[in-house]
Amino acid sequence: MRKFLHVARLLILLALGCSIGLHWFVLQSVAWSAMLTRNLRTHSLAESIRQTFDGQHPCALCLAIAKGKHEQQKEEFPSPIQKLEFLSQNVSFAFFPPTRFTLLPRVTTDPWSLAFPPPKPPPRA
C-alpha cells in the first residue's frame with residue numbers, strides 16, 4: 001500500500017511538473033550543460049559560457065526545444081472568441097405573487113419555552 005502511494009505521488013508530481021513546463025526546463029538544462037562541455041574543449045571558460053548562453057550559437061537540442069515550446073504554446077490556448085457581440089434586446093422581469101399563501105404558525109426560539117415541567121409523580125430510583 002505504501003509503495004502504491006509513493007508511485008501515485010510521483011505520478012502526480014510528474015503531471016504537475018509537465019503541466020507547468022518543467023520538462024522544458026530540464027531539457028534546456030541538459031542542452032546547456034552539453035553545450036558548455038563541448039565549448040570548453042576548444043575555448044576558454046569565459047568564452048565557452050558566453051557562447052553557450054548568448055543565444056547566437058544554439059545547438060540542435062536547443063532548436064528542437066524552442067520548436068517544441070512554440071508548437072505547444074500555439075496549440076495550448078486557441079482563442080475561440082474573436083470579438084465580443086452584445087445583443088440589443090430589452091429583457092424585462094415580472095414577479096407574480098403566489099396564488100395560494102398560508103401563514104405558518106410562529107415558532108418561538110426562547111429556550112425557556114422548550115423546557116418541560118418535571119414528571120408527576122417523580123420517578124422512583
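Owing to the predicted nature of the structure, the values given are computational and were not obtained by experimental measurement. By convention here, the first residue in the shown sequence is residue 1.
For residues 29-57, the pairs satisfying ring pair (Phe, Tyr, Trp, His ring centres under 6.0 Å) are Trp32-Phe53, with sequence neighbours left out. Among pairs with a residue in residues 33-58, those fulfilling salt bridge (charged side-chain N to carboxylate O under 4.0 Å, His left out) read Glu47-Arg50, Arg50-Asp54, at least two apart in sequence or across chains.
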Cut-off 3.5 Å, no hydrogens considered: what does the side-chain donor-acceptor table look like for residues 21-31, sequence neighbours left out?
{"from": "Trp24", "atom 1": "NE1", "to": "Gln72", "atom 2": "OE1", "distance (Å)": "2.4"}
{"from": "Ser29", "atom 1": "OG", "to": "Phe25", "atom 2": "O", "distance (Å)": "2.9"}

Using atom types as modelled, flag every donor-acceptor pair under 3.5 Å from a side chain in residues 7-14 to any protein atom, sequence neighbours excluded.
none

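Taking Leu63 as the reference, Pro58 meet the side-chain contact (heavy atoms from CB on, under 4.5 Å) condition, with sequence neighbours excluded.
Annotation for Met35 and Thr52: closest pair CE-O, 3.6 Å, computed over non-hydrogen atoms.
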